[in-house]
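Report on the structure given below.
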Amino acid sequence: MLRPVRDIPRSPGWRLSTQLGGRDHGESTRAVLDVALDPKSAGRRALWTYADNGDAALGDAVLVPIGKRQALGFVVRRYEATADELGFRFDELKSIIEVVNGIRIPGVLLDLAKFVAETYLCSLPVALSVCVPPGVRERLEGAWSLGAPAGEKLSVVQQEVLRTLQEAGGELSEAEVGALPEGIQRAFKALRASGQVNFVQRLAPFLERRQKEKLVRLTSDEAAIEAFLRSEGKRKPAQALTLMRLQAAGGPPLSPLEVRALAGVTETTVRALAQEGLLEWVTTDEVKLSVPPTPNPEQQLAVDAISSAISDRESTAFLLFGVTGSGKTEVYLRAAAQALAMGRQVLYLVPEIALATQAISQMRSRFGRGVAVLHSELTQLERLRTWLRIANGEASVVLGPRSAIFAPLPNLGLIVMDEEHESAYKQEQSPRYHARTVARELARLHGCPIVLGSATPSLETFYEAEKGGVTLISLPSRAASAQMPTVEICDLTQGYRNGKPALLVPELATAISDALARGEQAILFLNRRAYAPFLMCRDCGYRTACPQCSVALSYHRGERKLRCHQCGHSVVVPSECPKCTSTRLNPFGLGTEKVEEGLRELFPAARIGRLDRDIASRKGALEEVLSAFRAQDMDILVGTQMVAKGLDFPNVTVVGVVAADISLSVPDFRSGERTFQLLSQVAGRAGRGSLPGRVFVQTFNPEHPAVVHAQGHDYVGFFEEAILERQGVGYPPFLRLVNILVTGPDREAVGKASGLVRDALPSGLTVLGPADCPLERLNNRWRRHLLLKLPAVADLAEVQSAVESVSVRGVSVVIDVDPVSLS
DNA sequence: TGGAGGTTCCCC
DNA sequence: GGGAACCTCCAT
């Protein structure tokens, strides 16, 4: 009897010849496949090699044996190799179990994953984990089907099996067969062995059930909507917010799912609104596409430039530089139309899906149902459906956050990245990629242009535009209609010199009371929640500190709690100092809660609301506050970044930045850039309607370039100053940064490991540290880091192998290439 | 001495 | 992730 090769006893001589790479064995090759498995379930180096039996193509989902288990993986490489090259004997090669029907990662995405792995120093399986269709593993189902009839004589049971299969339409699921008596199951297996029935893994057939999609749109009765917002807005905040978001989105029908996503509400809210007649149901075919507005000359120039790059298949990067209201979106849409007309697809990236309501609805009204929106509200099943819809070419526009770059688009013609400067484009978990960098590689792979849009571009992108690597297109702001607010800088050091620093400088306080007298509204911005950042004992100097992190515990007066804003740890406020038992334990510094309190004293008649993460954590509270403010049931709104993004409040004429210095004092070389961006954005909240706006920026650093240039709405001025500083100190874009983060519960072990990393790094590199991180302890883990400054085009392979050579028990070492946060 | 419980390290 | 193999410590 023939036995499988692996069972033949091996003679010592045979083994010797393999080890020595002898002529007979060492030089013969086999066709093999590299299969990437899920790194979470197959370990860090989850790339395994299997014999290639010719069934699987590159990118195919396959089931493979690993140890005694089966695992789902994706074919990432097909090649011929000798045993030496493999590093193990051919007889140890296993074959794949089977190819999963109908799931294949496009070749471009495999190349993109390789780029991510090389650029961000992670393994290919980790890079690939962001490309794979979500939840396939859970949706796999074995299916029995009829195979080739053989001449052999069949038992009664076997005949019964074939008859059952025929009656079931030639196919039975694994579950259906599993429910049959054991004897019959054995017969299935026997018939499979002789090829008369087949058993394959495939996606469970839920996908076939595709219901006709129903859409909703706002009623055209605007008076009814306004009446609802005024009278019922307070009682039904979720419904009111939904209406406001839909108003902001501007009209076209959306699916209930999309409405849920953009307002953060449930199906119930949507249904209630439909019941009340404020939303109307429409079917897909009723949707009329809107007629695009005529572009102005600057927009037309931009569109022409991008369009010719699309038709010439040039992977040019454009920077579309213009303030809000300058018409960037119209350029995106026209360029997108161009790509679609050529039978290619469009990828539209946004930093946060909740803030992209206008983009979604404009895409919808311009391009109809071929738009797929990816967002965090999707269930796993919905994600998988969307993934397949995109892969099958049914969706020609994909809109989503950074993860959308890995959508399986087969023939991309245009990439749009709106608000390209946003830090949300950097992924802070492995793979730690920056979507801007990856998107540009994707554009190169597809041979299509990429349009980066911003009013305050990243210094990196604008610098490249100056150097010519990126084509700059400026859109001048529109004249009369969108007037920029006046910005006044208020020097807080004056207040200290006069002895008693007030919460608001007199000019700002006056401006607010004048606005209130005219029936207008004001927003006050402070980028720090809680009442005060810490409590301090007036007798012994003790400060409240988190037991798990190296930060102070913030004082939350309303809750009577001390909270850590890093790890969430909270304790009841002690009545006396834990160190000296003094009762003079007082709040120091400023938070939104205290601003709110101060405003109530300053403007006792005003209706004041607050919006920050503490408020928004209560379900429905965000909606309540926003709809009350919008309905003018509130005069002054105090808040963090949350108030700077998203909604338009046309009646707001005064915006005050309570302390611009909080973001300036962050120990990070980008803090100036971030402050400029933040101030520009906050300033944009004033005077959005027909009324002129005034912005007041209170600061201890009135001379800081970020403050001075934000006052003049002068991005270029800020850029020129900031870029010189970057060059002088040696930061991006002039050098490349790599941050190596070493963490663990044992401080000594972390210290030792960080030293070992230092020693393992190749000589000749500029290495800062190892040093404690600005946040030296987080969640009971000590943190040290090394910062590498490398030439912009450095080969990082040596850095990776140096880091991987270090292994200290309980210590993890993470490499962050092109870090966005250094704390 | 053995077995319970923890840790490490392979899986192609 | 899961299982084998290896390691450690202590009760007997």
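The figures that follow rest on heavy atoms only: side chains count, while hydrogens, waters and symmetry mates do not. In what follows, chains are A, B, ... by sequence order, proteins preceding strands, each numbered from 1.
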Atom [atom1] of [X] to atom [atom2] of [N]: distance rounded to whole Å?
X: A:Q70; N: C:dG3; atom1: CD; atom2: P; answer: 14 Å
X: A:K94; N: B:dC11; atom1: NZ; atom2: P; answer: 10 Å
X: A:D38; N: B:dC11; atom1: CG; atom2: C1'; answer: 15 Å
X: A:R809; N: B:dT7; atom1: CZ; atom2: P; answer: 6 Å
X: A:L37; N: C:dG2; atom1: CG; atom2: C1'; answer: 14 Å
X: A:K68; N: C:dA5; atom1: NZ; atom2: P; answer: 9 Å
X: A:L86; N: B:dC12; atom1: CG; atom2: P; answer: 13 Å
X: A:R137; N: C:dG1; atom1: CZ; atom2: C1'; answer: 11 Å

Kindly point out which of B:dT8, B:dC11, B:dC12 is positioned nearest to the side chain of A:L93?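 From the listed options, B:dC12 comes nearest.
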Using atom types as modelled, flag every donor-acceptor pair under 3.5 Å from a side chain in residues 102-110 of chain A to any protein atom, sequence neighbours excluded.
residue: A:R104; atom: NE; partner: A:D60; partner atom: OD1; Å: 2.7
residue: A:R104; atom: NH2; partner: A:D60; partner atom: OD1; Å: 3.2
residue: A:R104; atom: NH2; partner: A:D60; partner atom: OD2; Å: 3.4

Does one side chain, of A:R784 or A:S754, offer a donor that lies under 3.5 Å from an acceptor on the other?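 The criterion, which ignores hydrogens and geometry beyond distance, is satisfied for A:S754 and A:R784.
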Please check if any side-chain donor atom of A:S95 sits under 3.5 Å from a side-chain acceptor atom of A:N53, or the reverse.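 Not at all, the side chains of A:S95 and A:N53 share no donor-acceptor pair under 3.5 Å.
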I'd like to know if A:R69 reaches the base of C:dG1 with its side chain such that a donor and an acceptor end up less than 3.5 angstrom apart.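 Checked by distance alone, the answer is yes.
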Please work out if A:Y50 contacts a base, only the sugar-phosphate, or nothing of the nucleic acid, heavy-atom cut-off 4.0 Å.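 Sugar-phosphate, no base atom in range.
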Examine B:dC12: is either OP1 or OP2 under 4.0 Å from a nitrogen or oxygen in the side chain of A:R89? Give yes or no.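 No, no such contact exists.
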Review item, side-chain donor-acceptor pairs of residues 179-186 of chain A, under 3.5 Å, at least two apart:
residue: A:Q185; atom: NE2; partner: A:G178; partner atom: O; Å: 2.9
residue: A:Q185; atom: NE2; partner: A:L180; partner atom: O; Å: 2.9

